[in-house]
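Written out below as structure tokens is the structure these notes cover.
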There are 2 protein chains.
Amino acid sequence: MGGVNQRKNSGGATAAPVRRQGTAKRAATAGSASERRDHLVKLAAELFARKGFQATTVRQIADEAGILSGSLYHHFDSKETIVDEVLRTFLEDLTARYRAVLETAGDARTALTEMVRIGFGTLEPHRAAITVMQNDWNYLRSLPGDRFGYLVKAEDEVERMWVEQIKRGQAEGLFRADLDPKLTYRMIRDTIWVAVRWFRPGGRLNTTALAEHYITVLFDGLATGDRTSHGA
Amino acid sequence: MGGVNQRKNSGGATAAPVRRQGTAKRAATAGSASERRDHLVKLAAELFARKGFQATTVRQIADEAGILSGSLYHHFDSKETIVDEVLRTFLEDLTARYRAVLETAGDARTALTEMVRIGFGTLEPHRAAITVMQNDWNYLRSLPGDRFGYLVKAEDEVERMWVEQIKRGQAEGLFRADLDPKLTYRMIRDTIWVAVRWFRPGGRLNTTALAEHYITVLFDGLATGDRTSHGA
DNA sequence: AAGGTCCGAGCAATGGCTTGGTCGCCCTAT
DNA sequence: ATAGGGCGACCAAGCCATTGCTCGGACCTT
């Protein structure tokens with residue numbers, strides 16, 4: 001009854017193409033066990049992102065996969081287990097990327113710039129997960145047991161990394177000292193993540209453009225000419 | 001079957017104290033009809049914000065008010081009607097405030113500053129509504145009929161107001177011209193609204209402080225010294 | 001008397017999850 | 001090579017709690 005990622009089948013070993021099937025009758029020699037599982041997770045993630053976790057029924061997920069709802073429980077032991085996997089995968093990737101950058105970071109501004117790029121960079125590959133995380137954060141956290149306690153843990157770790165860089169930048173004299181590091185971090189984070197709501201992969205702007213645009217505003221501001229506000 | 005705000009009782013006229021009661025048996029000489037109704041809406045809004053619209057049951061709302069679930073339907077004809085009222089009230093107040101500021105606006109920078117202040121200013125009085133709007137936006141929009149079509153309409157109107165001011169600022173030479181107005185607006189909006197997730201009324205910072213902090217970063221950026229990026 | 005407010009009970013639909021069984025692939029021992 | 005057992009993937013059917021909502025009548029105030 002811990003907060004651990006449970007799975008039912010312990011995974012085979014073969015490697016065959018996973019054939020997507022609309023509403024076909026049979027699974028047609030599915031690929032490796034975990035491959036099939038991963039596929040289901042992806043389908044579910046899309047639905048969760050589109051309709052919300054609670055509004056998505058296990059029957060809808062099964063439909064999307066061309067199987068019956070009961071069959072889902074061959075792979076997962078609950079609906080929650082599925083979101084769990086969605087979010088966990090995303091958070092692991094994210095924190096790993098941050099850590100990688102911070103190991104080779106130069107000055108604070110460079111580090112922060114890279115971190116912003118990472119943030120926007122995850123927008124595309126993890127669009128569904130980020131959406132779910134935002135919309136259903138409150139609900140998931142409120143679930144009994146700290147089934148999703150790792151959400152808070154991961155968030156805290158990320159916050160530490162950001163705040164550290166901001167403070168370093170202030171100490172180095174690169175960033176204005178009259179700003180609250182934690183507050184500044186939160187605003188940066190929000191700006192990046194919430195973009196997932198309106199960002200559409202094939203649209204006018206790609207994530208790189210978003211990142212550069214924001215980096216510009218973040219460091220130099222909207223105004224022209226000399227800086228006008230108080231502080232250093 | 002339109003998208004209109006339905007109500008069942010057309011509201012009386014008396015004015016008596018609305019007594020909050022835990023799980024009491026009787027409603028004890030309730031105040032005026034519309035007062036009672038408004039009270040219920042507020043209770044519901046809090047629950048919606050905390051647990052999400054769908055996760056909140058009508059029984060929970062009734063519990064909070066000390067009545068049975070069925071009795072709710074003397075005031076509202078559906079659960080949706082309740083959120084409807086929550087969101088509509090908020091949006092009307094918001095757009096009204098924006099319009100008021102824009103009528104007496106000076107240059108674009110002043111206008112934008114005021115708009116930012118308005119945004120953060122609504123955080124406290126409309127915390128629940130803003131939370132619901134963010135978390136359940138996708139779901140509500142997906143409901144049959146354009147029951148919540150006014151959500152999109154209101155958003156569009158607000159967007160027009162912001163983008164207009166940004167463009168004006170660029171034309172006046174106050175804002176750097178190398179920024180995408182629409183994109184810039186979205187980032188500003190996101191930063192303000194999403195603050196509702198971590199903002200807590202009695203905390204270290206009040207909404208005014210938040211606003212000033214953000215205004216500083218927004219116009220002058222994080223960096224010290226001369227502006228380094230391209231463009232003017 | 002009248003009207004507003006709420007109770008008590010319950011209905012129909014929905015949703016998460018179970019259970020028992022089928023089908024075909026793959027590995028292995030003969 | 002091949003029969004056969006093991007096993008993963010799925011179906012069919014349904015259980016059961018929950019949920020939004022209904023409805024007739026009781027109670028209270030005016």
Side-chain angles (χ1 to χ4, degrees), chain A residues 6-19 21 23-40 44 47-48 51-83 143-144, chain B residues 6-16 18-19 21 23-37 39-40 44 47-48 51-83 143-144:
Chain A
Q6 29 323 45
R7 48 172 60 211
K8 276 191 160 175
N9 56 352
S10 27
T14 26
V18 173
R19 201 190 312 172
Q21 84 245 42
T23 321
K25 204 69 183 167
R26 263 271 162 234
T29 322
S32 97
S34 66
E35 242 177 60
R36 175 65 171 152
R37 188 185 156 98
D38 287 351
H39 181 64
L40 292 174
L47 287 173
F48 289 156
K51 323 245 301 172
F53 173 68
Q54 312 158 60
T56 303
T57 72
V58 293
R59 282 176 241 271
Q60 283 168 9
I61 300 174
D63 266 10
E64 201 77 10
I67 62 179
L68 290 189
S69 70
S71 307
L72 274 181
Y73 289 81
H74 196 66
H75 302 275
F76 314 95
D77 50 7
S78 78
K79 191 179 151 190
E80 285 178 17
T81 305
I82 307 182
V83 239
L143 291 181
Chain B
Q6 342 42 353
R7 49 172 61 209
K8 277 191 160 174
N9 56 350
S10 26
T14 24
V18 173
R19 200 189 313 171
Q21 84 244 47
T23 322
K25 205 68 181 169
R26 263 274 163 232
T29 323
S32 98
S34 66
E35 241 177 61
R36 176 68 170 149
R37 187 185 157 100
H39 182 64
L40 292 174
L47 287 173
F48 290 156
K51 325 244 301 174
F53 173 69
Q54 311 157 63
T56 303
T57 72
V58 292
R59 278 175 244 269
Q60 283 168 9
I61 300 173
D63 266 9
E64 202 76 10
I67 60 179
L68 291 189
S69 69
S71 307
L72 274 181
Y73 289 81
H74 275 278
H75 302 276
F76 313 95
D77 50 5
S78 77
K79 191 179 153 191
E80 284 178 17
T81 305
I82 307 181
V83 240
L143 292 181

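Chain identifiers are assigned alphabetically (A, B, ...) following the order of the sequence lines, protein sequences preceding nucleic acid strands; residue numbering begins at 1 within each chain.
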Residue list, side-chain contact (heavy atoms from CB on, under 4.5 Å) with A:S71, at least two apart or on another chain: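 Counting only residues at least two positions away or on another chain, A:S71 forms a side-chain contact (heavy atoms from CB on, under 4.5 Å) with A:I67, A:L68.
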Any residue meeting side-chain contact (heavy atoms from CB on, under 4.5 Å) with B:L143, in chain and number order, not counting sequence neighbours: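 side-chain contact (heavy atoms from CB on, under 4.5 Å) list for B:L143, sorted by chain: B:E80, B:Y139, B:L140, B:F148.
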[X] [atom1] to [N] [atom2]: how many Å, rounded?
X: B:D77; N: C:dT5; atom1: CG; atom2: P; answer: 15 Å
X: B:L72; N: D:dC23; atom1: CG; atom2: P; answer: 17 Å
X: B:H74; N: D:dG24; atom1: NE2; atom2: P; answer: 12 Å
X: B:I67; N: D:dC21; atom1: CD1; atom2: P; answer: 14 Å
X: A:E35; N: D:dG8; atom1: CD; atom2: P; answer: 16 Å
X: B:K51; N: D:dT19; atom1: NZ; atom2: C1'; answer: 14 Å
X: A:F76; N: C:dT18; atom1: CZ; atom2: C1'; answer: 18 Å

Can you check whether [X] has a side-chain N or O nearer than 4.0 Å to OP1 or OP2 of [N]?
X: B:S71; N: C:dC7; answer: yes
X: B:H75; N: C:dG4; answer: no
X: A:R36; N: D:dC10; answer: yes

B:K79 vs B:F48 side-chain heavy atoms within contact, under 4.5 Å: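 B:K79 vs B:F48: side chains touch.
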Side chain to side chain, A:I61 and A:L40, heavy atoms closer than 4.5 Å: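 They are not in side-chain contact.
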Atom pair CG/OG1 of A:L47 and A:T57 - distance to nearest 0.5 Å: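 Reported to 0.5 Å precision, the distance equals 8.5 Å.
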Can you name the atoms? Protein N/O to nucleotides 9-16 of chain C N/O, anything below 3.5 Å, with the distance.
from   : atom 1 : to    : atom 2 : distance (Å)
C:dG15 : N7     : A:R59 : NH2    : 2.9
C:dG16 : OP1    : A:T56 : O      : 3.3
C:dG16 : OP1    : A:K79 : NZ     : 2.7
C:dG16 : OP2    : A:V58 : N      : 2.8
C:dG16 : N7     : A:R59 : NH2    : 2.9
C:dG16 : O6     : A:R59 : NH2    : 3.1

Nearest non-hydrogen partners of B:A55 and A:Q54, listed with the distance: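 Looks like CB-OE1, 2.6 Å.
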